[in-house]
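Take a look at the structure below.
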Amino acid sequence: MPELAEVAFYKNKWMPAQGLKIKQVALNQQVRVFRKAPTTEICTRLPGATLTMGETHGKQMIFLFDDRFWLGVHLGMAGRLSFEATTYKIQKHDHLCLETDKGWAVFTDTRHFGRIRFNESRSAPEWWARLPPKIGSEHFTLPRMEAFLRRRKGACIKAVLLMQEQFPGLGNWMVDEILWRSKIHPATTAGLIGEKKRAELFSKILEVESDAMRVIGKNWGDPPDHWLFNHRWKDGGTCPKTGTTLKRATIGGRTTCWSPKHQTYRGLKK
DNA sequence: CCCCATGTTCGACA
DNA sequence: GTGTCGAACATGGG
């Protein structure tokens with residue numbers, strides 16, 4: 001489920017706990033989501049600590065307690081956050097639950113592909129500080145993207161746009177939306193995309209990022225029908241631009257939807 | 001029973 | 001060493 005806008009939406013689910021003291025922690029350390037995380041420390045440090053801040057960066061989230069305990073959350077494929085009533089009963093796939101006076105901040109993940117991290121330090125942990133520039137930020141530039149496309153010149157553009165080291169927060173639906181708006185066939189070899197098309201692709205990445213944050217990041221509203229989004233999920237969808245049938249296949253290792261009549265750009269000839 | 005899933009990582013291979 | 005690709009991870013839904 002979660003790409004950058006959904007992650008922002010879920011991060012806000014825990015913000016009712018901001019300024020509140022954690023009374024109790026319930027976690028299931030057996031579950032894969034904790035991997036190397038120090039579960040004992042989470043259980044001993046967080047009780048008594050106050051949530052001071054929560055932020056997202058692409059698909060990553062971080063929550064700060066007492067200005068020195070950093071809780072990292074990645075939602076994986078099926079994770080979500082919620083804030084539940086004080087009377088809440090913990091469910092099967094609730095792996096981390098933080099109790100406050102006003103209710104429970106809960107991390108749920110049926111598929112266990114998510115990840116929890118925990119660090120104690122004055123400044124943000126390394127894994128957070130070293131994340132690549134956010135899409136739309138000052139350092140997320142066209143030249144930087146072009147250098148990345150050169151390095152990944154042999155891979156198809158669908159796979160390249162999914163790489164978090166350059167495009168933090170893009171996921172399957174956003175990449176399909178970006179390529180559709182750019183009129184680029186998803187199987188196009190990254191290194192064969194011409195200069196003009198690269199500039200167009202860059203601007204569509206920014207556009208889809210801001211559209212997603214506006215429509216989904218705040219209230220998880222329904223994307224409008226003129227996006228690819230509403231048409232891409234099932235076989236037999238129709239392209240909002242051309243009225244022709246959309247195609248679906250595995251490209252770059254992921255189920256990909258595109259409009260063959262609309263996405264005609266396939267790169268320069270060698 | 002089968003296939004599929006908005007993600008990441010690891011290992012094989014070129 | 002570098003880059004690409006597919007399998008594996010664990011569970012539930014159609």
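Values in this document were obtained by computation on a predicted structure and should not be read as measured data. Reminder, nothing fancy here: chain letters follow the sequence lines and each chain counts from 1.
- Between A/Met174 atom CE and B/dG7 atom P the separation is 11 Å, expressed in whole Å.
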Please write out each protein N/O paired with an N/O of nucleotides 12-14 of chain C under 3.5 Å, distance rounded to 0.1 Å.
unit_1	atom_1	unit_2	atom_2	d
C/dG12	OP1	A/Lys92	NZ	3.3
C/dG12	OP1	A/His93	NE2	2.8

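- Here the separation of B/dC1 from C/dC9, taken at their C1' atoms, is 22 Å to the nearest Å.
- Side-chain N/O atoms of A/Arg152 include none lying less than 4.0 angstrom from OP1 or OP2 on C/dG3.
- The shortest side-chain heavy-atom distance between A/Ile157 and A/Thr189 does not fall under the 4.5 Å cut-off.
- Side-chain atoms of A/Asn172 do not come within 3.5 Å of backbone N or O of A/Asp176 as any donor-acceptor pair.
- Whole-Å rounding puts the A/Ile157 CD1 to C/dT4 C1' distance at 15 Å.
- Taking the six-membered ring where tryptophan is involved, the planes of A/Trp227 and A/Trp173 are essentially parallel, since the angle between them stays under 30° and well short of 60°.
- From A/Gln166, atom CD reaches atom CD1 of A/Ile205 across 8.0 Å, with rounding to the nearest 0.5 Å.
- For A/Trp14 and A/Phe63, the distance between ring centers is under 6.0 angstrom.
- At least one cation-pi condition fails for A/Arg117 and A/Trp128: the charged atom is not both under 6.0 angstrom from the six-membered ring centre and inside a 45 degree cone around its axis.
- Cation-pi geometry between A/Lys197 and A/Tyr265 is met: under 6.0 angstrom from the ring centre, within 45 degrees of the axis.
- For the pair A/Arg232 CZ and B/dC4 P, the computed distance is 15 Å after rounding to whole Å.
- At distances below 3.5 Å, not a single donor-acceptor pair connects side-chain atoms of A/Gln263 with backbone N or O atoms of A/Lys261.
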Taking only Watson-Crick and G-U wobble pairs with both distances under 3.5 Å, what dot-bracket line describes DNA chain B, where [ ] shows pairs that cross earlier ones and | shows pairs with another strand?
.||||.||||||||

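- When the C1' atom of B/dA5 is taken as reference, atom NE2 of A/His112 falls 15 Å away, rounded to whole Å.
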Assess the residue pair A/Trp180 and A/Lys241 against the criterion (side chain to side chain contact (heavy atoms under 4.5 Å, CB included)); give the C-alpha distance rounded to whole Å, side-chain angles, the decisive distance to 0.1 Å, and a yes or no.
CA-CA 10 Å; A/Trp180 177 72; A/Lys241 297 272 193 208; 3.2 Å; yes

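- B/dT8 sits 22 Å from C/dG13 when the C1' atoms are compared, rounded to a whole Å.
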Could you run through nucleotides 8-14 of chain B and give me one letter per nucleotide, 5' to 3': B if any protein heavy atom sits under 4.0 Å from the base, S if only the sugar-phosphate is that close, - if neither?
S------

With side-chain hydrogen bond (donor to acceptor under 3.5 Å, both in side chains) as the criterion, how do A/Thr256 and A/Lys158 come out once you've worked through the C-alpha distance, each side chain's angles and the decisive distance to 0.1 Å?
CA-CA 8 Å; A/Thr256 299; A/Lys158 164 84 185 202; 3.2 Å; yes

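- At the heavy-atom level, A/Gly253 lies nowhere under 4.0 Å from the strands shown.
- The same atom, P, is picked in C/dG12 and in B/dT9; the two are 23 Å apart, to the nearest Å.
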